Each structure stands twice: as C-alpha cells, then as structure tokens.
A.B. asks: 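Okay, here's the structure, questions in a sec.
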Protein chains: 2
Amino acid sequence: MTTEPKVLLFQHFEKYIKLSDTLKAALDERASFVSFKKGEMVHDAEKVCTKSYFIQKGLFRAYFIKDGKEISEYFPAENEWSNSPKSFITRQKDVYYIDAIEPTEAFCLQVNDLVYLFENFPEMERYARLSMGTVFGHLMERITSLRFTSAKEKYAHFLQTYHDIHHRIPLGMVASYLGITQETLSRIRGER
Amino acid sequence: MTTEPKVLLFQHFEKYIKLSDTLKAALDERASFVSFKKGEMVHDAEKVCTKSYFIQKGLFRAYFIKDGKEISEYFPAENEWSNSPKSFITRQKDVYYIDAIEPTEAFCLQVNDLVYLFENFPEMERYARLSMGTVFGHLMERITSLRFTSAKEKYAHFLQTYHDIHHRIPLGMVASYLGITQETLSRIRGER
DNA sequence: ATAACTTTTTGATTTACATCAAAAGCATTT
DNA sequence: AAATGCTTTTGATGTAAATCAAAAAGTTAT
C-alpha cells in the first residue's frame, strides 16, 4: 500500500497559516487515508461524531430525517472538511447523517488528534478561527437566500454557491436542501 | 467620569478561557466605554466596520436594506458582541447597518486592538474559536427553522431563541427578521 | 388636548408553491 | 430485452401567506 501524499490537505492549511515542518509532520502522522464507496454511510446520527474528514476527491451529503424524509443540509466536496459539527464539538449525538454521494477519498482526523494539535500548536487555533470565519460568511449568505427569495432565486443562489458541483447532486437532494419540493424545482429548471 | 468596571466582559471571556492578569489588563486598557441613545446609528454600511461592541446594557439591531425596506438580520443584546461580521473581518464594506433599539452601554474594541490581542495572547485565538462555535450552532438552527417551517413555527422559534428580549423588539422588525410580512405576524400573534 | 406620525390590526383578493396523482425517462439487475 | 426500481417531469387542485387597502391603536410633538 502506498502512502497517500497529503498535499491538498497541507495546501488547505496554508491558505490560512504558515505550516511549520513539525506541524506538518504532526498532521501527517495523525491524518489517516480513508475511502468510501458510492452510497456508503460515513457518519451515523445514532453515534457521536468523533471523526472529521477532509475530502480529497469525491462528494458527501450531510442530511437529517424529518417526517420520514431525508433533508439535505450541505454537500461537502473536494478540499472541504466534513463532520457533524455540533456532535463533533459537544461530543453528544446530533441529528445529522453523512453519506458518500460519489466514491470518495478523504483524510480522517479524530477529535482527540485535533485536541492534541490545538494544545500543542497555537497556530492551529488561528487556523480554526480564520477558516471558521469563511464558513460563517457562507452560512449568513444562505440565511439571506432562504428568507426573502422565491424558489427560483433560491435555486439561482444554489447554482452560485455550488457552481462547480451542482450537476453532481441529484435533484431531490437539491430540493430538500433548498426547502422546496422536487416538483417545484423540476419546473424551475424546465423554464427556458 | 468614573471608570466603568468591565466585569461582564471579563465574565464572558471566562466562559471560554481562563483570563490571565496580563490579558485582563490588556483588555481593560484597550476596551473603551461607549453609550448610544435610542435610535442612534452604531454602524453605517457606507463605511468599513472597524469596531466591535460588547453590550453591557441595551439592545442593537443589525439590518440591511432590500427594495427600500429595512430587513433585520439579528438583535444583539446584553453580553453579546456586535459588529458587521464580514466587513470587520475583511476590512471591506458590507451591507449591514447597526442601530440602537434602546439606550445602550457597551465596550468597544477596535480591529487593531483585536489583532494585537490575537498576536500576543494565543488564548485569545482559542476564545475566538470556541465562541464562534457557539454562534455557529445558532446559525445552523436558524437555517433549519427558515427552511421548512410555517410562519407560525418560525415565530415560535424566534420566541425560543430570543425569549428574554422578544418583547423589546417592535413587530415590524421581527417580521423582517423572519422573512414574513407584518400582517402575517400580527395575525399569528393574535391567535389565542 | 389636539394634531401629526408611527405601529399594529383587520379585511378582501391574489398568487406562488405545496400536495396529490400519474406518466415518462433512466439505470441497474436478471 | 424484459423487468424492477429510482429519478424526473407533467398536470390538476388546494392553501398559506403575500399584497393591497384602510381602520384602529399607540406614541410624540405642538
């Protein structure tokens, strides 16, 4: 078995902080390579989420169940972290499941590894602060998009935020992400 | 003029980190006391937001203008930070105005002060990471509330998240916060 | 107190989207 | 290639909330 080089992971960190050789080594040592088949479950809401995945190639879907239906929450893809945020932070169960929409290759970090890194590398704290700021902005935009816009505008906003990967996500999953029905989304796409 | 004791501010930090005496002193030195009259503008969207306010007593409203109407984004009150997040982080203009709904007393930190604190006190980075995690959770909940629930359920969710201060916010501002019309909100409140 | 605003409520009408139902299109399996 | 099971589209009907309009209640100024 070959050792997967973690270039994409390192590049991601370097968008926010300078990676010292020792931190690089610590990350390299702790992050393990994992792969998932299409449709495979990555995280089960029945369990506490103790792992965070950095996707190298592929696509996940985080969702929860409401009235027996799967409601998509977000679609983490290449160069993004994926976990069940609240569960991961509080070490309690939360409602989110995560599945692989496509065959996916990822690097996995355990909570404990992350705790160790935060304890020993102050620049990791900075990385977390800065990268959370980015996600923060996305969440705020999404809130705006959900509040005032028609179904058509919501879909337009989705196309914008997920423009590189929108075609990789089935229609039904997009509809539940937007909080509209499949039928409405189908009609919107049909226009023009 | 009396020196305002910053007990509430320190207590807030101590929810997340242990405050060393030197950090306490650094905070005390940099945070200035400010007060606003009812209706006074705290931040103007025409300018870059370089200040962050920690509210000791009072209530703000962050909002933006859409089609000539003021759309409320959130209502920061006692023991919370308030700024125009994206503008504050990126040092670019953003769409948010902030007004004082009530006469308000607050402590003010400049971006530069914060940068200094992050540079010199690694525990500040941790504070930022942890406190952002809290806000993060609120944002995710709000997204869920906006997506699938009826106007009535949205209002119920608002009452829950803002239960201590909901009666201090005028109806029209609540309606725009929820993305429903004043009329609809008035009818909902009228039931029972 | 009266006037002049502003905020909230009440009423009638319209509309975007949900719901229900079924057909059509695709993909995977035998 | 037929069969089975998903996904997407198309159609008919219902409904929650928006819009338009105006009255009532509450607030601030003269």
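By convention in this document, chain letters (A, B, ...) are assigned in the order of the sequence lines, proteins followed by strands, and residues within each chain are numbered from 1. Small disclaimer: the values here were computed from a predicted structure and weren't measured.
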A.B. asks: Taking the minimum atom-to-atom distance to the side chain of B/L171, which one of C/dT9, C/dA12, D/dT8 wins?
C.D. replies: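 Looking only at heavy atoms from C-beta outward on B/L171, the closest nucleotide is C/dT9.
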
A.B. asks: OP1 or OP2 of C/dA16 less than 4.0 angstrom from a side-chain nitrogen or oxygen of A/S150, does that happen here?
C.D. replies: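 For A/S150, the contact criterion (side-chain N or O under 4.0 Å from OP1 or OP2 of C/dA16) is not met.
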
A.B. asks: Would you tell me whether A/E183 and A/S186 have side-chain atoms, one donor and one acceptor, within less than 3.5 Å of each other?
C.D. replies: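 Checked: A/E183/A/S186 side chains show no N/O donor-acceptor pair below 3.5 Å.
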
A.B. asks: I want to verify a distance call: between D/dA17, C/dG11, D/dT28, whose nearest atom is closest to the B/K38 side chain?
C.D. replies: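 For the B/K38 side chain, the nearest candidate turns out to be D/dT28.
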
A.B. asks: OH of A/Y155 versus P of C/dC17: gap in Å, rounded?
C.D. replies: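 Rounding to the nearest Å, OH of A/Y155 and P of C/dC17 are 15 Å apart.
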
A.B. asks: Are B/D94 and B/S87 linked by a side-chain donor-acceptor pair shorter than 3.5 Å?
C.D. replies: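 On atom types as modelled, these side chains do not qualify, holding no pair under 3.5 Å.
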
A.B. asks: Classify B/L185 by what it touches in the nucleic acid, base, sugar-phosphate, or nothing, heavy-atom distance under 4.0 Å.
C.D. replies: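 The answer is nothing, as B/L185 stays clear of every strand by at least 4.0 Å.
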
A.B. asks: How close or far is atom P of C/dT6 from atom CE of B/M173, stated in whole angstroms?
C.D. replies: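 After rounding, the gap between these two atoms is 13 Å.
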
A.B. asks: Report the distance from atom CD1 of A/I71 to atom P of C/dA18, rounded to the nearest whole Å.
C.D. replies: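 A/I71 atom CD1 is separated from C/dA18 atom P by 12 Å.
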
A.B. asks: For A/T144 and A/E141, test the side chains for any donor-to-acceptor distance below 3.5 angstrom and give the result as yes or no.
C.D. replies: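 Looking only at side-chain atoms, A/E141 and A/T144 do not form any donor-acceptor pair under 3.5 Å.
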
A.B. asks: Reckon A/T184 has a side-chain N or O less than 4.0 Å from the OP1 or OP2 of C/dC17?
C.D. replies: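 Checking C/dC17 against A/T184, no side-chain N or O comes under 4.0 Å of OP1 or OP2.
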
A.B. asks: Atom CD1 of B/I180 to atom C1' of C/dC17: distance rounded to whole Å?
C.D. replies: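 About 17 Å, once rounded to whole Å.
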
A.B. asks: Which of the following nucleotides, D/dT8, C/dT8, D/dA21, is nearest to the side chain of A/Q182?
C.D. replies: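 Taking heavy atoms from C-beta onward, the closest nucleotide is D/dT8.
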
A.B. asks: On the nucleotide D/dT9, are OP1 or OP2 found under 4.0 Å from the side-chain N or O atoms that A/S186 carries?
C.D. replies: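 Yes.
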
A.B. asks: Closest approach to the side chain of B/R187, judged atom by atom: which nucleotide of C/dA18, C/dT10, C/dC17 is it?
C.D. replies: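 Comparing C/dA18, C/dT10, C/dC17 against the side chain of B/R187, the answer is C/dT10.
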
A.B. asks: Roughly, in whole Å, what's the span from NZ in B/K152 to C1' in D/dA17?
C.D. replies: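 Going from NZ in B/K152 over to C1' in D/dA17 covers 13 Å.
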
A.B. asks: Could you tell me the separation between the CD atom of B/E70 and the P atom of C/dT6, rounded to a whole number of Å?
C.D. replies: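 From B/E70 CD to C/dT6 P: 12 Å.
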
A.B. asks: Using a cut-off of strictly less than 4.0 Å, decide whether B/R189 has a side-chain nitrogen or oxygen near OP1 or OP2 of C/dT9.
C.D. replies: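 Answer yes for this pair, as a side-chain N or O of B/R189 is under 4.0 Å from OP1 or OP2.
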
A.B. asks: Taking CD from A/E183 and C1' from C/dA24, how many angstroms apart are they, rounded to a whole number?
C.D. replies: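 Taking CD of A/E183 and C1' of C/dA24, I get 15 Å after rounding.
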
A.B. asks: Which heavy atom of A/Y53 sits nearest a heavy atom of A/A106, and at what distance?
C.D. replies: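 Taking A/Y53 first and A/A106 second, the nearest heavy atoms are CB-CB, 4.2 Å.
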
A.B. asks: Between D/dT7 atom P and A/H167 atom NE2, what is the distance in whole Å?
C.D. replies: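 It works out to 18 Å between those atoms.
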
A.B. asks: What distance separates A/F88 CZ from A/H43 NE2, expressed to the nearest 0.5 Å?
C.D. replies: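 It is 10.5 Å, given to the nearest 0.5 Å.
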
